[in-house]
Protein chains: 2
Amino acid sequence: MKKVTIHDIAKELNVSFSTVARALNDHPAISEATKKSVRETAQKLNYRQNKLASSLRSGHSNTIGVIVPSLDVSFFSSVVHGIEKIINENGYSILLYQSNESYESEKKGIETFLNSRVAGIIASVAKETTKYEHFSEIRRRRIPLLFFDRVVESLHVPSVTIDDHKGGFLATEHLIRQGYKRIVHITAKQTIGIFKERLRGYLDALKLYNLPVDESLILYGDFSLDFGRQCIRDLYLREVSFDAVFALEDFTAMGVLQQLLAYKVRVPEEVGVIGFANESFAALVTPGLSSIDQQTVPMGEAAAELFLKMLRSEDLYNNLPKRIVLDPSLIVRASTERLASS
Amino acid sequence: MKKVTIHDIAKELNVSFSTVARALNDHPAISEATKKSVRETAQKLNYRQNKLASSLRSGHSNTIGVIVPSLDVSFFSSVVHGIEKIINENGYSILLYQSNESYESEKKGIETFLNSRVAGIIASVAKETTKYEHFSEIRRRRIPLLFFDRVVESLHVPSVTIDDHKGGFLATEHLIRQGYKRIVHITAKQTIGIFKERLRGYLDALKLYNLPVDESLILYGDFSLDFGRQCIRDLYLREVSFDAVFALEDFTAMGVLQQLLAYKVRVPEEVGVIGFANESFAALVTPGLSSIDQQTVPMGEAAAELFLKMLRSEDLYNNLPKRIVLDPSLIVRASTERLASS
DNA sequence: TTGAAAGCGCTAACAC
DNA sequence: GTGTTAGCGCTTTCAA
C-alpha cells in the first residue's frame, strides 16, 4: 500500500496541497464544497494524516507522557485507567512508562518523553528516587508537569493526592464510634509521608474523643500480610489488651484478620479490624474487611483534568501550583460493624 | 529555554550539522575525537534529539500501540505490565489506549495509532467488536499486528493466548483426584470462545476418568459473584446432589463459596470449589480458593517478544502466523484440598 | 477563497 | 572522515 499524502489528494482534485491541508483541518476560509470533495477523496484514497509531520511542523504534540512505578499494582493501574479515559476524551494519547521503582528507569522514561516532544508529563515518583534533576529539567523546558500520589514537594509542581490524615482519622473515629476503646495501629517503620499522615489521623481521632494514647498499641513494621499476623501473635504473647486494629493498608489488615480467626477471636464482636486502600478483596473476604477508599479512578480523572487546564493556560509556572487533595471515604463492612447504626 | 538542534552544536564546533548527526548516532565513519567533542557540547547545550523529526525522515518509529479493553481489569493491566517491560528493554515505547469494550473507541484507537505512525500494534479485542475492518486495515498497511487473549481468528494474525481447554481439564482433573464425583460446572450462557473451551476441558476430564456427564450439573448463566450464589441456592432448591463446583472464573467461584459457607456446608470436606484466573483475592479468602493461573505477566512478555520478532522479520505476512498458547497452571488451596496428597 | 513558498529537525545518498 | 544536498509530510505566512 503506497503512502498517501495531501499531495496525492491535491493531484486528484487539481487543487494545491495547501488547500487540501486547510480543508482537512476545517479551516474557516475554505468553501464547504471544496472541503466536501477533499474529505471524500481523502476517504477514497485511504488517506491518514501523519501526526509526526504535523507535530514537527506546528510544534504542538498531542501525546502526553505518563510514568508510574508499576501497572501491576492495582492502585496505579486504576489511576492510569482514570487518566487515560479523560485524556482520550480530550483528543490526547498517552505514552506509557513504568519506572519499576527504579531511579534509572524513571530518568530514562523522562528522557524518552522529552525526546518524543510530549505535550506534558504526569508522574508518580519511584520509591528509589532521591535526586530530582530529571524532573526539574521538565520544568525548565516549560513543559507541564503534574504529580499524583507520590509528590516531590520541593519542586512546587501541581499535584493530586488524597488526604491520608483524614483517612487515618476516619478509620479511627469509626472504630471509636463503634465502641472500641483500645485501638491498635500498625504503621510503617520507615517514615514515609503517607503513613505518618495516617498515624497523625489516628492520634488526632483519639485526642478528639478523649481516649488515651498508649504507645504499646502502636506497632511499627515492614508492612505485609505476614507482619499483620505477627502483630496479633505478639500482642497475645505480650498479653496486651486491645479490642480493635487499624492497619496502615489492607494486606496487613488481612493478616490481622486471618490470625484473629485462627485464634477463634470473634470479629467484629470481640475485636474490630479496619484496613486502608479498599483493595478488591476487602469486599470478598469473610467477614468483609472495612477499609478506607482511596478514590483511585477519581484521582486519575482529577489529575487528567487539572493537567488539561495546565496545558491550556499560558502562565504555567507563574502562579502558585494548584494542589488537589481528595477526600478518602470510609467503607464499612462486617469486620467493624458491631452496632446497628454507625 | 531556546530549542537546541544539531545546527547549534555544529555552529559551536565549526563542523557541518550532518557530522554532528552522525556523531550522535555513533556512525562508524566519524573519528572518536569528533564524537567526543560533539557529545560534550550536546550535553553542555542540553540537546535532546527530536524523535518526531527523525521518525518522519527515516520512516521508522519506535513507539508501538497497545490497545486493551480496560486497565481497571487486573488481567489486562498485568499483561500490559509484562508487555511494557520487554518493549522498553528493547528501546521501544508504548502508546496506550483503552477501548472500554466499545467498538467505536477501539476503532478510534487504531486510527490514532495509524496516524501516529506506530511501528506496530498489540491488541486484545473489545467485547462489542464484531466488524474487523479496522484490524484488516493494519494488515493491509503491512504494519505488524499481534493479538493476545482475545483473538480475531479470521484475520490470521500472530497471537498469544492461554490454553483454556487445558485449564478446564486441570481444574476438573484435580477435583476428580481429590475424590469428588459429582462436579458442577458453571459456564457462560453466551458462546464465548474461552468459556466453551473451559467447558470442553471439563467434559474431557470427566470422560477420561470415566465419570458420567450429568447435564443437570452444567449451569449456564451471566457469570458474576451473585450468579455463583444463586447457583448454589438453585442446586439446593432443586435438590441436586453434588460434591464440587468448578466455576468459569474466580468471582463466580467466590459467590459459590460464600453461599456454601452461609449454608454451613463444610468446604472442602463436603464440597470442593475451584475457580479460574487466580485473582489476587483467591489467596486471601478463607478457605483459600483454588484456581487456575492464567500467566498474565508471562503472557505480556511472550506477546512482546513475539512481536519484536515480527518487527525484525521482513516477510511479515508471508508464512503462517505464529500462535503461542501458554499453559495455565493449577493452584491448589484449601477450598479443594481434601486429601493430603493431590 | 485559494496558491506559492519556506521550513520544522532530522536522515541518508552522494560527493570529495 | 567530513560536507553538501535533498527531502520526510506537514503548517503557516504572504500574496493574489
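The structure displayed is predicted, hence computed values, not measured ones. A note on names: the letters A, B, ... follow the listed sequences, proteins ahead of strands, and every chain is numbered from 1.
As a whole-Å value, the separation of Leu56(A) CG from dT12(D) P is 12 Å. Here dG7(D) presents its C1' atom at 14 Å from CG of Asn50(A), a figure rounded to the nearest Å. Separating the CZ atom of Arg117(B) from the C1' atom of dG9(D) is a distance of 9 Å, rounded to the nearest angstrom. Note: CD (Gln49(A)) to C1' (dC8(D)) measures 15 Å, nearest angstrom. Between the NZ atom of Lys35(B) and the C1' atom of dT2(D) there is a distance of 13 Å, given to the nearest Å. In this structure, Asn115(B) atom CG and dT11(D) atom P are separated by 11 Å, rounded to whole Å. One can place CD1 of Ile30(B) at 13 Å from P of dT11(C), the figure rounded to the nearest angstrom. Atom CG in Asn14(A) sits about 14 Å away from atom P in dT2(C), given to the nearest Å.
Residue-level contact check: Ser55(A) touches neither bases nor backbone, having no heavy atom under 4.0 Å from any strand. Across all strands shown, Ser31(A) has heavy atoms under 4.0 Å from sugar-phosphate atoms exclusively, and none from any base.
With respect to Glu40(A) and Lys36(A), a salt bridge is recorded, a charged nitrogen being found less than 4.0 Å from a carboxylate O. Salt-bridge annotation for Lys309(A) and Glu305(A): absent, with no side-chain N of the basic residue lying under 4.0 Å from a carboxylate O of the acidic one. Between Glu101(B) and Arg150(B) there is a salt bridge, with a side-chain nitrogen of the basic residue lying less than 4.0 Å from a carboxylate oxygen of the acidic one. A salt bridge links Glu153(A) to Arg323(A): one of the charged nitrogens lies within less than 4.0 Å of a carboxylate oxygen. Under a 4.0 Å N-O distance rule, the pair Glu137(A)/Arg48(B) qualifies as a salt bridge. The pair Lys44(A)-Glu12(A) counts as a salt bridge, with a side-chain nitrogen and a carboxylate oxygen less than 4.0 angstrom apart.
Proximity note for Thr34(B) (side chain, C-beta onward) versus dC10(D), dG3(C), dT2(D): the nearest is dT2(D). Checking dT11(D), dT11(C), dT2(D) against the side-chain heavy atoms of Ser58(A) singles out dT11(D) as nearest. Of the candidates dA4(C), dG3(D), dC10(C), the closest approach to any side-chain atom of Arg22(B) belongs to dG3(D). Closest to the Asn25(A) side chain, of the nucleotides dT11(D), dT2(D), dC10(C), is dT11(D). Candidate nucleotides dG9(D), dT12(D), dC10(C) were compared by shortest atom distance to the side chain of His7(B), and dC10(C) ranks first. Nearest to the side chain of Phe17(B), among dT2(C), dA6(D), dT11(D), sits dA6(D). Closest to the Arg57(B) side chain, of the nucleotides dA4(C), dC10(D), dG7(D), is dG7(D). Residue Ser54(B) has its side chain nearest to dC10(C) when only dC10(C), dA6(C), dG9(D) are considered.
At least one side-chain nitrogen or oxygen of Ser16(B) sits closer than 4.0 Å to the OP1 or OP2 atom of dG3(D). For Thr5(B), no side-chain nitrogen or oxygen approaches OP1 or OP2 of dG9(C) to under 4.0 Å. The side chain of Ser18(A) places no N or O atom within less than 4.0 Å of a non-bridging phosphate oxygen (OP1 or OP2) of dA4(C).
When each of His60(A) and Leu52(A) is assigned the nucleotide of DNA chain D with its nearest heavy atom, Leu52(A) is the one assigned upstream, toward the 5' end.
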